[in-house]
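For reference, the structure discussed in these notes is given below.
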Number of protein chains: 2
Amino acid sequence: MTAEDGGADLAQAVGSRVRELRRGRGLSLSELARQAGLGKGTLSELESGRRNPTLETLYALSAPLGVGLAGLIAEHVDTKAGISVDGYGASTVLLDVVTAAEASTEIYRLTILPGPRHVSPSHGPGVRERLVVVTGRVRAGRNGALGEAGPGESLDWASDGEHSYESLTDGPVVAILVITHPV
Amino acid sequence: MTAEDGGADLAQAVGSRVRELRRGRGLSLSELARQAGLGKGTLSELESGRRNPTLETLYALSAPLGVGLAGLIAEHVDTKAGISVDGYGASTVLLDVVTAAEASTEIYRLTILPGPRHVSPSHGPGVRERLVVVTGRVRAGRNGALGEAGPGESLDWASDGEHSYESLTDGPVVAILVITHPV
DNA sequence: TAGCATCGTTCCATAAACAGAACGCCAGGA
DNA sequence: TCCTGGCGTTCTGTTTATGGAACGATGCTA
């Protein structure tokens with residue numbers, strides 16, 4: 001079944017991530033198992049992707065590895081979990097929606113691969129976007145009034161006109177996109 | 001709150017988070033179980049905190065709920081960020097974590113109720129925060145260099161010193177907080 | 001060389017997470 | 001009133017994640 005395929009991939013990915021973090025900390029498998037209060041066998045099979053760990057097991061590992069629980073799984077959130085808008089070279093994952101009296105706001109994680117710029121049509125009157133760059137460098141905004149931003153910086157524009165996004169770096173750009181629609 | 005986080009508490013927190021997301025989407029328990037390919041009993045006990053779900057189970061839920069896996073781990077309350085330490089009047093929900101070579105970034109939804117300002121201690125060298133306001137008006141930043149922002153606007157500051165957040169409106173302020181930690 | 005510690009893997013018995021069925025509850029319709 | 005259908009919880013048998021005990025491999029010391 002598809003769920004099991006995805007699960008197997010996921011277990012593999014999380015296992016690799018744990019192994020990578022452990023080695024990065026210079027810990028042996030036995031030592032990490034001891035610190036986390038897990039059996040060595042459990043950790044061995046988890047790291048090699050042959051286990052489907054429980055929440056409790058992951059939590060036990062997060063403390064000695066010095067990362068948050070989300071840090072153990074944060075890499076795999078993208079492919080199926082969210083709504084991919086574009087597909088080739090860019091993807092968006094819906095993180096949150098905030099609804100208030102006067103406006104509704106959607107929060108996305110936007111990933112842009114190097115390549116041609118991505119053009120988005122008008123979103124209607126009153127809609128605004130703000131982009132906070134997490135990694136990489138991006139050129140984005142309304143066509144004719146593009147701006148650039150690097151990690152930690154942000155851009156904003158009214159999106160009632162055609163606008164675009166473009167990676168300026170070799171690697172992927174990750175950014176947080178906040179879109180506000182008036183009600 | 002929930003700083004000590006026994007495993008049981010964690011299951012409780014994740015269960016509540018799932019239930020909250022499900023209700024927010026207007027889904028019945030049976031319907032979500034069907035979409036996720038899980039048994040109703042599994043989901044019922046998971047939501048009430050009586051299960052210690054596996055990674056695969058959490059993953060199966062993340063897609064129909066439209067959030068990433070990290071979005072289900074709302075546990076981040078808040079040992080290291082310290083934002084909601086006072087508990088009354090402010091809360092943070094972890095939306096996403098992005099890990100890159102040079103930095104790790106966490107995305108939160110921050111809600112601040114009207115009242116006294118919320119003070120957060122230093123987060124260590126190199127840590128930066130950026131706040132994008134969604135609703136309401138906020139005064140925030142490093143103490144001594146506070147800024148103000150309304151819907152769609154943003155503020156940023158280095159958080160290697162005491163900083164604070166304060167609602168300037170009658171209603172709650174909702175904002176997106178992006179915290180970058182160098183590695 | 002032998003002796004010993006530590007490494008990561010594999011095997012086993014137990015506890016528990018799972019799917020699905022059975023259950024009681026509450027609504028709306030005939 | 002009795003159905004019928006959906007809801008969420010509880011129960012039951014099966015599957016599987018777990019801790020711990022083997023195991024062989026490797027490295028270090030005498």
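Proteins come first, then strands; the chains are lettered A, B, ... in the order of their sequence lines, and each starts at number 1.
Checked against dT10(C), dA17(C), dT10(D), the side chain of Ser44(B) finds its nearest nucleotide in dT10(D). Of the candidates dA17(D), dC11(C), dG8(C), dC11(C) carries the atom nearest the Glu45(A) side chain, counting heavy atoms from C-beta on. Considering only side-chain atoms of Leu38(B), the nucleotide from dG19(D), dA19(C), dT9(C) that sits closest is dA19(C).
Comparing Thr57(B) and Leu29(A) against DNA chain C, the residue whose closest nucleotide sits nearer the 5' end is Leu29(A).
Separating the CG atom of Leu43(B) from the C1' atom of dA19(C) is a distance of 13 Å, rounded to the nearest angstrom. Note: CD (Glu47(B)) to P (dT10(D)) measures 13 Å, nearest angstrom. Regarding Glu56(B), its CD atom lies at a distance of 15 Å from the P atom of dT15(D), rounded to whole Å. Residue Arg19(B) contributes atom CZ, which lies 8 Å from atom C1' of dG8(D) at whole-angstrom precision. The nearest whole Å value for the distance from the NZ atom in Lys40(B) to the P atom in dG20(C) is 12 Å. For Glu31(A) and dA5(C), the CD to P distance is 17 Å, given to the nearest whole Å. Between the CZ atom of Arg51(B) and the P atom of dT10(D) there is a distance of 12 Å, rounded to whole Å. Counting to the nearest Å, the P atom of dT6(C) and the CG atom of Leu32(A) are 17 Å from each other.
For Ala175(A), the side chain to side chain contact (heavy atoms under 4.5 Å, CB included) test picks out Leu131(A), with sequence neighbours left out. Residues passing the salt bridge (Lys or Arg N to Asp or Glu O under 4.0 Å) test with Glu47(B) are Arg19(B), Arg22(B), sequence neighbours excluded. Under the rule for a side chain to side chain contact (heavy atoms under 4.5 Å, CB included), the partners of Ser154(B) that lie at least two apart in sequence or sit in another chain are Arg130(A), Ser154(A), Arg130(B), Val132(B). Taking the side chain to side chain contact (heavy atoms under 4.5 Å, CB included) definition, one finds that Thr169(B) meets it with Arg137(B), Ser167(B), Val173(B), sequence neighbours left out.
Ser30(A) has no side-chain polar atom (N or O) that falls below the 4.0 Å cut-off from OP1 or OP2 of dT6(C). Residue Arg50(B) has no polar side-chain atom (N or O) positioned under 4.0 Å from OP1 or OP2 of dA16(C).
A distance-only check finds no donor-acceptor pair linking the side chain of Thr57(A) to the backbone of Pro53(A) [under 3.5 Å].
For the atom pair OG1 of Thr54(B) and CG of Leu55(A), the computed distance is 9.5 Å after rounding to the nearest 0.5 Å.
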What's touching nucleotides 27-29 of chain C from the protein side, N or O pairs under 3.5 Å?
none

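Across all strands, Ser28(B) comes closer than 4.0 Å only to sugar-phosphate atoms, never to a base (heavy-atom distances). Here Thr54(A) lies in heavy-atom contact (under 4.0 Å) with sugar-phosphate atoms only. Counting any heavy atom pair closer than 4.0 Å across all strands shown, Arg34(B) reaches no nucleic acid atom.
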Name every donor-acceptor pair, under 3.5 Å, that has one atom in a side chain of residues 32-43 of chain A and the other anywhere in the protein, sequence neighbours excluded.
from	atom 1	to	atom 2	distance (Å)
Arg34(A)	NE	Glu31(A)	OE1	3.4
Arg34(A)	NH2	Glu31(A)	OE2	2.9
Gln35(A)	NE2	Glu31(A)	OE2	3.0

